[in-house]
There are 2 protein chains.
Amino acid sequence: MPAETDEPKLGCPVRGVLDRIGDQWSLLALEALDDEKKRFNELLREIGDISKQMLSKTLKHLEQDGFISRTVYPEVPPRVEYELTELGQSFLVPMRALIGWADRNHAAIKSARRRYETA
Amino acid sequence: MPAETDEPKLGCPVRGVLDRIGDQWSLLALEALDDEKKRFNELLREIGDISKQMLSKTLKHLEQDGFISRTVYPEVPPRVEYELTELGQSFLVPMRALIGWADRNHAAIKSARRRYETA
DNA sequence: GACAGATAGTCTCCTTTTTAGACTAGATCG
DNA sequence: CGATCTAGTCTAAAAAGGAGACTATCTGTC
């Protein structure tokens, strides 16, 4: 059964949201769109180690959930632009708090990893 | 080559942290430990649809990174308790902001999903 | 005119990850 | 004696993900 059509198992709304953005790529994609709208291949290059397939799927999910908008320009070669919606922008506020935390604490995490290794 | 020993590809510290907590289960596990320390099977039941193996691996990572502590009581049957460290607690501050956002906005997301379906 | 690019994806294999479920040890309970 | 409890690990089978080929159409080069 495809995950796309599954309802989250628990009533908890957090779970419903986390199930979508709590994957390998969604946060990264949203962050990449933070400053400006971007095209598919641009995102591909910027994120670096994501595959076309996963980027495609991730963007589709984010669009479904209203975080980003997708605009197709009927040109050749095709041009498609992805941009944060208002919902997406508002999401980045708490998201940035999380990123800030990561910035301040990555040293502590690294040293925890080292401590763990030597133990 | 095992992912456990990989360095994150990009220099960006955010990426390094996101690579660890930005998976299917880490955020969920941390949230489950928010209110009180819990045992393995307790977490298993609370999260619901995680497998033993993934819970085990997730907890190991979180312990490695210093987010949680693992205490084994030499009893039979065994008892193991997982608890947030100070680092883990401090992480939950921005995390709660994210959860709050999810609470406030899950309705908007749901309606975006419906809109997408009908379109 | 022929030919290489460029774009946004999708499709097909093939590898990696995740799952479900069996299995373990040693104390306690009936 | 046999069932039950716990925290995992192990294995086989299923699912997800990655690499790269492929598409259609226009532009630019030769």
Side-chain angles (χ1 to χ4, degrees), chain A residues 1-6 8-10 15 18-29 32-33 36-64 68-83 116, chain B residues 1-6 8-10 15 18-29 32-33 36-64 68-83 116:
Chain A
M1 96 185 106
E4 276 75 2
T5 61
D6 268 0
K9 284 89 191 168
L10 311 171
R15 180 58 183 273
L18 247 44
D19 273 350
R20 281 300 177 88
I21 57 153
D23 64 68
Q24 189 72 204
W25 303 115
S26 295
L27 293 178
L28 241 28
L33 287 171
E36 51 184 339
K37 61 185 168 191
K38 302 218 170 92
R39 306 175 59 170
F40 187 86
N41 279 345
E42 229 168 333
L43 288 167
L44 207 56
R45 279 189 295 273
E46 187 158 324
I47 299 179
D49 51 355
I50 190 174
S51 68
K52 292 157 175 247
Q53 200 173 55
M54 281 314 288
L55 180 58
S56 176
K57 187 190 275 190
T58 300
L59 292 172
K60 207 169 285 175
H61 280 160
L62 291 175
E63 191 198 353
Q64 275 176 18
I68 63 176
S69 66
R70 177 175 179 276
T71 312
V72 182
Y73 297 85
E75 306 170 355
V76 170
R79 181 158 60 99
V80 179
E81 287 184 344
Y82 294 91
E83 187 172 13
Y116 190 95
Chain B
M1 99 187 100
E4 277 76 2
T5 59
D6 267 359
K9 285 91 191 166
L10 311 171
R15 180 60 183 272
L18 246 44
D19 272 350
R20 281 300 177 88
I21 59 154
D23 65 68
Q24 189 71 205
W25 302 117
S26 294
L27 293 178
L28 240 29
L33 288 170
E36 50 185 339
K37 62 184 167 190
K38 300 216 171 95
R39 306 174 59 171
F40 187 85
N41 279 344
E42 231 169 330
L43 288 167
L44 207 55
R45 278 188 297 272
E46 188 158 323
I47 298 178
D49 51 355
I50 190 175
S51 68
K52 292 157 174 244
Q53 201 172 56
M54 282 312 289
L55 180 58
S56 177
K57 187 189 277 188
T58 300
L59 292 172
K60 208 169 285 174
H61 280 160
L62 291 175
E63 192 198 353
Q64 274 177 18
I68 62 176
S69 66
R70 177 176 179 275
T71 313
V72 183
Y73 296 85
E75 305 171 356
V76 171
R79 182 158 59 101
V80 179
E81 287 184 343
Y82 294 91
E83 188 172 14
Y116 189 94

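What you are looking at is a predicted structure, and each value in this text was computed from that prediction instead of being measured.
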Check: The side chain of A:V76 lies closest to which of these nucleotides: C:dG26, D:dT25, C:dA20?
Finding: D:dT25
Next item on the list: Begin from the C-alpha positions of A:W25 and B:L18 and carry the test side chain to side chain contact (heavy atoms under 4.5 Å, CB included) through to its verdict.
Entry: CA-CA 9 Å; A:W25 303 115; B:L18 246 44; over 6 Å; no
Notebook entry, point to check: Would you say A:K52 reaches D:dT23's phosphate, i.e. side-chain N/O to OP1/OP2 under 4.0 Å?
Noted result: no
Next item on the list: Would you mind telling me which of B:E42, B:R70, B:R39, B:K38 makes a side-chain contact (heavy atoms from CB on, under 4.5 Å) with B:E81?
Entry: B:R39
Check: Checking side chain to side chain contact (heavy atoms under 4.5 Å, CB included) for the pair B:R15/A:D49: CA distance, chi angles, key distance, verdict?
Finding: CA-CA 12 Å; B:R15 180 60 183 272; A:D49 51 355; 2.8 Å; yes
Check: Is any side-chain N or O of B:W25 closer than 4.0 Å to OP1 or OP2 of C:dT17?
Finding: no
Check: Within the structure, does a side-chain N or O atom of B:R39 lie under 4.0 Å from either OP1 or OP2 of D:dA7?
Finding: yes
Notebook entry, point to check: Which part of the nucleic acid, if any, lies within contact of A:Y73, taking any heavy atom under 4.0 Å across all strands shown: a base, the sugar-phosphate backbone alone, or nothing?
Noted result: nothing
Margin query: I want to verify a distance call: between D:dG18, C:dT19, C:dT7, whose nearest atom is closest to the A:S51 side chain?
Written below: D:dG18
Next item on the list: Could you work out which one of C:dT12, C:dT10, D:dA7 sits closest to the side chain of A:Q53?
Entry: C:dT12
Next item on the list: Answer yes or no: is there a side-chain heavy-atom contact under 4.5 Å between B:L59 and B:E63?
Entry: no
Next item on the list: Determine: side-chain N/O of A:K57 to OP1/OP2 of D:dG17, distance under 4.0 Å, yes or no.
Entry: yes
Check: Counting only side-chain N and O atoms of A:S56, is one of them less than 4.0 Å from OP1 or OP2 of C:dA8?
Finding: no
Check: When all nucleic acid strands are considered with a 4.0 Å heavy-atom cut-off, which category describes B:Q24: base, sugar-phosphate, or nothing?
Finding: nothing
